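Inspection log for the structure reproduced underneath, given as structure tokens.
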Amino acid sequence: MAHQHRSQGQLSPSGDTEDIVTLLAPRLAYFAGVARTEHVTRAAQEMQVPQSTLSRAMVRLEQDLGVDLFARRGRTVSLTPAGRTFLTSVERALAEVERAADEVRADADAATGKVAFGFLHTMGAETVPGLIHAFRADHPRVRFSLVQNYGEAMLERLRAGELDLCLTSPVPDAPDLVGRRLDEQKLRLVVPADHRLAARRRVRLAEAADETFVTLEPGYGLRRITDDLCQQAGFRPRIAFEGEEAETLRGLVAAGLGVALLPPPAVPRPGVVELTVTAPRAAREIGVAWLDGHPDTPPVAAFKKFLLSRRGNLLP
């Protein structure tokens, strides 16, 4: 085959990467097939495409690259030095595409697929292990990619496609997300064991108006709830320390560095007393969220259905 018009449509070395990929990608498998068989007719038969289609694709590929990839002798071809160099990279690229295809198919498999699941730090000790254990009774080979984070960070990862589902608080109300309330978790006023309120079992939050608080950092759902409850109780909390994890805050309370509004611990923490708050009503909603309109793989759909079935019975 002669190449009379090699310059037409030829890619510039400085051409846009996206343009190069768009032009070359559909022809790479054809090129690899011809290079493997060194025969256009045989390659066309193996790949079940018309020989004319394959021949035109190879000519266009060489035109786009501006390089001869094959030396032709009738219907038999052999690779030029440039063709051998190109084939090495093409085979590597095609193998990576095949690996990626195998991976996404495996992740979507109903029996052995993967769920990318995010949850609050406070859900990690008991709630999430218990949920996964119960789910795997009927889906023993489904795999999980687990991410612990605060609510806003998980919602960002949902939007980025990095998570399939997340347990969060408060339940999001956004047009691009679907949120479903699953349960409610009471919050307690946690005070040092030698605190003036430690002998009590119940307390109004207003009685802690003069206390120093330790809280989660701004942006955490529990921090917003703490600020809102204190406002309802008629005061603005004086914040001494801000952290990223509830059990760290309990440690600060045990050290006498303040009080905190926290959900119940997985195991009792020495050095602190946890008081029921009678007013205002101190609780946070726990819900599951996912990206609206995002199609679920079978394992994600199964786990979502399982979570929704636990409404009102999510927490230990």
Side-chain angles (χ1 to χ4, degrees), residues 118-125 127 147-159 166-175 177 179-192 195-198 200-266 269 271-289 314-315:
F119 51 93
L120 301 169
H121 289 284
T122 51
M123 302 280 103
T127 301
V147 174
Q148 290 179 272
N149 217 320
Y150 65 98
E152 286 301 322
M154 285 193 295
L155 298 185
E156 289 177 10
R157 296 187 72 164
L158 272 181
R159 292 183 170 105
C166 70
L167 282 183
T168 188
S169 177
V171 181
D173 181 15
L177 299 175
R180 294 286 184 267
R181 183 184 183 277
L182 296 179
D183 215 334
E184 180 181 271
Q185 189 174 47
K186 292 184 178 179
L187 303 178
R188 299 169 177 174
L189 182 67
V190 184
V191 302
H195 191 271
R196 62 182 178 85
L197 296 173
R200 304 267 296 275
R201 297 184 63 182
R202 294 176 174 79
V203 65
R204 290 178 295 107
L205 188 57
E207 296 179 73
D210 295 330
E211 299 291 335
T212 297
F213 277 72
V214 296
T215 70
L216 296 178
E217 294 178 349
Y220 283 68
L222 188 56
R223 170 62 180 271
R224 292 199 300 275
I225 293 170
T226 296
D227 290 344
D228 290 345
L229 288 173
C230 290
Q231 183 178 17
Q232 291 177 45
F235 69 96
R236 183 175 180 177
R238 291 186 296 115
I239 309 297
F241 296 93
E242 296 175 333
E244 297 181 345
E245 207 276 321
E247 287 312 301
T248 300
L249 300 186
R250 269 194 177 81
L252 294 173
V253 173
L257 299 175
V259 303
L261 277 170
L262 295 173
R269 175 73 182 249
V272 301
V273 174
E274 310 218 357
L275 308 175
T276 298
V277 178
T278 59
R281 189 173 182 275
R284 65 171 179 172
E285 289 185 340
I286 305 295
V288 60
L314 179 79
L315 304 173

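What you see below is based on every heavy atom in this structure, not just the backbone, and it leaves out hydrogens, waters and symmetry mates. Being a predicted model, the structure only gives us computed values, none of them experimental.
A side-chain donor-acceptor contact under 3.5 Å links Arg223 and Thr215.
The CG atom of Leu314 lies 10.5 Å from the CZ atom of Arg181; values are rounded to the nearest 0.5 Å. Of the inter-residue distances, the one linking Asn149 atom CG with Phe119 atom CZ reads 10.0 Å to the nearest 0.5 angstrom. One distance of note links CD of Glu211 with CG of Leu189; it measures 8.0 Å at 0.5 Å rounding. Atom-to-atom distance recorded for Leu182:CG and Ile286:CD1 is 9.0 Å, nearest 0.5 angstrom. Interatomic distance, CD of Glu152 versus OG1 of Thr168, reported as 7.5 Å (0.5 Å rounding).
Between Pro237 and Asp227, the shortest heavy-atom contact is CG-OD1, 3.9 Å. Contact detail for Gly221 and Pro170: the closest heavy-atom pair is CA-CD, 3.9 Å. The two residues Pro172 and Leu177 make their nearest non-hydrogen contact at CB-CD1, 4.2 Å. Contact detail for Ala208 and Phe213: the closest heavy-atom pair is O-CE1, 3.5 Å. Contact detail for Leu262 and Ala246: the closest heavy-atom pair is CD1-O, 3.9 Å. Counting all heavy atoms, side chain and backbone alike, Arg224 lies closest to Gly219 at NH1-O, 3.5 Å.
Put simply, the side chain of Arg238 gets close to the backbone of Asp210: a donor and an acceptor are under 3.5 Å apart.
Val273 is not listed as a side-chain neighbour of His195, based on a closest heavy-atom distance of 4.5 Å or more. With contacts defined as side-chain heavy-atom distances shorter than 4.5 Å, the pair Lys186/Pro264 does not qualify. Residues Leu257 and Pro192 form no side-chain contact, since every pair of their non-hydrogen atoms from C-beta on lies 4.5 Å or further apart. Within the 4.5 Å cutoff, the side chain of Val191 has no heavy atoms near those of the Val203 side chain. With a 4.5 Å cut-off on side-chain heavy atoms, Glu274 and Pro265 count as touching. In this structure, the side chains of Met123 and Gln185 come closer than 4.5 Å at one or more pairs of heavy atoms. Using a 4.5 Å heavy-atom threshold, the side chains of Leu222 and Leu120 count as separate. With a 4.5 Å cut-off on side-chain heavy atoms, Thr122 and Arg284 count as touching.
Counting heavy atoms of neighbouring residues, nucleotides and ligands inside a 6.0 Å radius, atom CD of Gln232 exceeds 12 of them. By the 6.0 Å contact criterion, CZ on Arg236 is open, its count of non-hydrogen atoms from other residues, nucleotides or ligands being 12 or less. Residue-environment remark: CZ (Arg200) exceeds the threshold of 12 foreign heavy atoms within 6.0 Å. For Arg196, the CZ atom is densely surrounded, since the number of other residues' heavy atoms within 6.0 Å is greater than 12.
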Using the side chain to side chain contact (heavy atoms under 4.5 Å, CB included) rule, take Leu216 and His121 through it: C-alpha gap first, then chi angles, then the decisive distance, then the call. CA-CA 12 Å; Leu216 296 178; His121 289 284; over 6 Å; no
Should Leu187 and Val277 be marked as a side chain to side chain contact (heavy atoms under 4.5 Å, CB included) after you check the CA-CA gap, both sets of side-chain angles, and the distance that decides it? CA-CA 7 Å; Leu187 303 178; Val277 178; over 6 Å; no
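The existence of a salt bridge linking Glu247 and Arg250 is confirmed by a sub-4.0 Å separation between a basic side-chain nitrogen and an acidic carboxylate oxygen.
The only member of Ile225, Val190, Leu205 that meets side chain to side chain contact (heavy atoms under 4.5 Å, CB included) when paired with Leu261 is Leu205.
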